[in-house]
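Order of the sequence lines sets the chain letters (A, B, ...), proteins ahead of strands, with each chain counted from 1.
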Amino acid sequence: MEDRDHRDSDVEGRPRASDFIRDAIREDLASGRFDRVHTRFPPEPNAYLHIGHAKAVWIDYGIACDFGGKFNLRFDDTNPLKEEQEFVDAVIEDVRWLGADWEDRLFYASDYFEQMYQWACDLIRKGKAYVCDLSAEDVRSTRGTLTEPGRNSPFRNRSVEENLDLFARMRAGEYPDASRTLRARIDMASPNLLLRDPVMYRIIHAPHHRQGDAWCIYPTYDWAHGLEDSIEGVTHSLCSQEYEIHRPLYDWFLIELGIYRPRQIEFGRLNMTHTVMSKRRFIELVEGGYVSGYDDPRLPTLAGLRRRGVTPDAIREFCGRIGIAKGNSVVDSAVLDDCVRDDLNRTSPRTMAVLRPLKVVLTNYPENQTEEMEVVINPEDPAAGSRTALFARELWIEQEDFREDPPPNYFRMAPGREVRLRAAYIVRCNEVIKDAEGNVVELRCTYDPESRGGTAPDGRKVKATLHWLAAAVAKAATIRLYGPLFVTADPDDVAEDGTFTDNLNPDSMVEIEGLVPPEVAAAPCGTRYQFERIGYFCVDRDSTPEHPALNRTVTLRDTWAKLEKREP
RNA sequence: UGCCGGAUAGCUCAAUUGGCAGAGCGGCUGACUCUGGAUCAGCAGGUUCUAGGUUCGAGCCCUAGUCCGGCAGCCA
């Protein structure tokens with residue numbers, strides 16, 4: 001392995017700052033503590049993954065790739081009360097979608113239960129674990145507090161034989177739920193509360209999604225996790241910062257057992273502005289009806305981001321940009337938007353759709369004539385080639401692209417003014433037609449037949465270029481415009497007795513009926529487009545050929561909107 | 001309150017053995033143009049949490065303090 005190859009640049013040769021985890025791994029390699037790198041992503045199958053998990057995946061998988069090592073996907077399925085196959089399937093889909101490759105190493109902690117049981121017996125034989133009859137409440141009350149030591153359990157000094165017998169009976173199902181536990185015999189006075197004789201096994205008579213009724217005792221996280229890493233030969237067990245205090249326990253079990261010991265390293269969790277990032281908050285939002293489900297495009301779940309149209313590449317780029325630190329961080333959601341634009345700009349075919357239509361009639365264009373105009377599919381990607389768009393006498397343009405009384409620096413259409421219709425002709429607005437209420441309902445324009453393709457032979461400059469759609473082919477479509485879920489950067493920034501839902505953005509989704517060209521109407525779910533001058537959109541799963549539905553992934557950067565906001 | 005961790009530009013992160021504090025995002029200017037997008041160029045922005053100390057020299061090492069986060073599930 002040649003880690004130097006990976007030190008200063010990524011796959012595309014861009015410079016990459018090293019981070020403290022990579023530094024630590026290099027030290028381990030140099031010192032000989034490890035001679036290879038093997039990481040794992042260990043989700044519990046009890047919830048949907050979010051972008052914070054994506055960060056963890058990219059740390060784990062990215063590091064394995066950088067050091068020519070291996071990466072496992074392992075379900076930490078040690079609690080039958082919370083876990084379901086449904087989540088296993090969803091997590092697999094999400095991690096695969098992200099692009100992390102675990103090859104043939106998909107593992108389940110529950111497959112190690114027998115080995116864990118044997119090791120627990122070893123610890124009992126060493127006098128390092130005992131069966132405790134205390135209730136959960138008694139365990140709590142004897143644990144002590146942050147400032148006072150705990151008291152030893154009255155069962156702490158049982159004989160090895162008795163412990164072995166009792167533990168076997170726990171496994172055999174002789175005792176009811178929660179009546180006994182197996183505890184590690186460490187130190188009830190430790191300043192680290194986790195070391196005060198932590199529970200290793202609890203009795204739960206519940207079927208496990210993979211093990212069925214094979215077990216009625218289940219290992220706790222602290223006991224199980226290091227064993228799982230050890231069994232799989234993981235070298236670096238990377239986890240989020242709240243596990244830091246668990247590390248002494250992770251090490252203690254492995255050292256007492258005398259088995260292979262990986263190194264746990266913790267990194268800070270990801271938070272983002274204008275959103276929430278916890279399972280509990282997602283549940284509140286879904287159950288409160290504030291969002292439509294766990295795949296609502298406003299949620300930072302991977303399912304939601306995917307439905308919104310965000311690409312795995314954009315997420316990977318994001319994870320690279322935010323870096324890795326020891327402390328928790330709050331990343332500006334604009335950084336994600338930027339990554340999304342960056343990727344979609346390179347890869348999305350362009351098309352013209354009209355969100356809020358205004359009719360244009362070209363009075364000098366022959367009644368029955370139509371033309372196929374050639375349009376570049378993606379100026380950033382010449383290989384994408386071109387397509388044609390139907391041009392005709394009656395067209396739709398965007399309402400915003402016309403002002404009867406244009407402010408200074410407004411270059412788009414206005415009475416008497418010329419603009420270019422993209423890839424078509426230069427047109428001039430001659431007449432404004434209004435309804436009874438005075439709303440502009442139609443523009444009468446003339447086109448310059450000499451300007452086919454968009455340039456005039458006399459070389460005159462036209463400042464604005466508008467997108468358009470021929471009325472004859474435009475299809476009505478539901479278009480959902482998504483914005484930030486919360487108005488405030490920090491959703492928890494609330495009044496005294498307020499709650500985070502007070503900060504929900506009432507306009508986080510605006511659903512409108514717009515018009516799209518035929519190829520968009522026919523596109524399958526998941527197809528992404530750039531609607532020129534508007535933003536990036538993705539065909540939603542509710543889309544039908546009869547009535548298409550698209551979600552706005554992110555807007556284009558809009559300098560005009562910024563300008564207008566500044567000088568009202 | 002005990003233990004652990006963190007604090008560097010508005011935000012997120014860098015800064016080899018102690019050696020001129022940098023980048024990305026955001027903000028602002030400008031150039032360009034058949035997307036007012038993209039792209040490109042430039043500018044502003046810092047008492048490196050505070051107070052001491054060691055040192056020729058401290059973001060980095062030492063001492064004391066401040067603030068923030070994590071931990072008292074038979075969750076992970």
Suppose you measure atom [atom1] in [N] against the same atom in [M]; what distance do you get, rounded to whole Å?
N     : M     : atom1 : answer
B/A23 : B/C61 : P     : 24 Å
B/U39 : B/C71 : P     : 41 Å
B/G57 : B/A76 : C1'   : 48 Å
B/C56 : B/G24 : P     : 38 Å
B/A41 : B/G5  : C1'   : 42 Å
B/A31 : B/A38 : P     : 16 Å
B/A7  : B/C75 : C1'   : 30 Å
B/A9  : B/U48 : P     : 10 Å

For [X] and [N], give me the distance from atom [atom1] to atom [atom2], rounded to whole Å.
X      : N     : atom1 : atom2 : result
A/I397 : B/G36 : CD1   : P     : 13 Å
A/I377 : B/A38 : CD1   : C1'   : 18 Å
A/E83  : B/C75 : CD    : C1'   : 9 Å
A/L421 : B/U35 : CG    : P     : 14 Å
A/F411 : B/C32 : CZ    : P     : 13 Å
A/L556 : B/U39 : CG    : C1'   : 13 Å
A/D343 : B/A38 : CG    : P     : 16 Å
A/D222 : B/C75 : CG    : P     : 11 Å

So what does [X] hit on the nucleic acid, given a heavy-atom distance under 4.0 Å: a base, only sugar-phosphate, or nothing?
X      : value
A/Q530 : base
A/T78  : sugar-phosphate
A/I324 : sugar-phosphate
A/P43  : nothing
A/V330 : sugar-phosphate
A/P149 : nothing
A/T555 : nothing
A/R321 : sugar-phosphate
A/L134 : base

Inspect the contact between [Y] and [X] and indicate whether a charged nitrogen and a carboxylate oxygen are less than 4.0 angstrom apart.
X      : Y      : answer
A/R321 : A/D338 : yes
A/K326 : A/E266 : no
A/R263 : A/D28  : yes
A/E519 : A/R387 : yes
A/D251 : A/R247 : no
A/R210 : A/D111 : yes
A/R143 : A/D197 : no
A/R422 : A/E532 : yes

Does a nitrogen or oxygen in the side chain of A/R557 sit under 4.0 Å from OP1 or OP2 of B/G26?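 So the side-chain polar atoms of A/R557 do come within 4.0 Å of the phosphate oxygens OP1 or OP2 of B/G26, strictly under.
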Taking only side-chain nitrogens and oxygens of A/R341, does any of them come within less than 4.0 Å of OP1 or OP2 of B/A38?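 Checking A/R341 against B/A38: no side-chain N or O falls below 4.0 Å of OP1 or OP2.
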Do you know the tightest heavy-atom contact between A/E398 and A/H467?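 Heavy-atom minimum between the residues: OE1-NE2, 2.7 Å.
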With a distance cut-off below 6.0 Å to the six-membered ring centre and an angular limit of 45° from the axis, does A/R171 pair with A/Y117 as a cation-pi contact?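 A/R171 over A/Y117 ring: yes.
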B/G73: syn or anti, with syn meaning chi within 90° of zero?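 Chi for B/G73 falls in the syn range.
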Residue whose closest nucleotide on RNA chain B lies nearer the 5' end, A/A424 versus A/V335: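 By nearest-heavy-atom nucleotide position, the 5'-most residue is A/V335.
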Closest-nucleotide mapping onto RNA chain B: is A/F20 or A/R412 further toward the 5' terminus? I mean the 5' end.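 The residue whose closest nucleotide sits nearer the 5' end is A/F20.
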Extract the stems that RNA chain B is part of, considering only consecutive pairing runs of at least three Watson-Crick or G-U wobble pairs, both distances under 3.5 Å.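 Only these stems qualify: B:2-7 with B:66-71, B:10-13 with B:22-25, B:27-31 with B:39-43, B:49-53 with B:61-65.
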Pair A/R40, A/S237: side-chain N/O donor-acceptor within cut-off below 3.5 Å: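 Short answer, yes.
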Within the supplied structure, the quantity of interest is the number of heavy atoms (other residues, nucleotides, ligands) at a distance under 6.0 Å from A/E372 CD; does it exceed 12?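 Yes, the 6.0 Å shell around CD holds more than 12 heavy atoms from other groups.
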Are more than 12 heavy atoms from other residues, nucleotides or ligands located less than 6.0 Å from atom CZ of A/R452?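 Above 12, so yes.
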With respect to the side chain of [X], which nucleotide from [options] is positioned closest?
X      : options             : result
A/T147 : B/G6, B/U12, B/G2   : B/G2
A/V139 : B/U12, B/C74, B/G2  : B/C74
A/R202 : B/G26, B/C74, B/U39 : B/C74

Contact pattern, 5' to 3', of nucleotides 66-73 of chain B - B, S or - by protein heavy atom under 4.0 Å: ---SBBBS
Interface with RNA chain B, restricted to residues 173-185 of chain A and to heavy atoms under 4.0 Å: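 Correct list: A/A178, A/T181.
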Check step by step if side chain to side chain donor-acceptor pair (under 3.5 Å) holds for A/N378 and A/E380. CA-CA 5 Å; A/N378 184 351; A/E380 302 290 321; over 6 Å; no
Any side-chain to backbone donor/acceptor pair from A/R183 onto A/C132? Under 3.5 Å, distance only.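 Checking the backbone N and O of A/C132 against the side chain of A/R183, no donor-acceptor pair under 3.5 Å is found.
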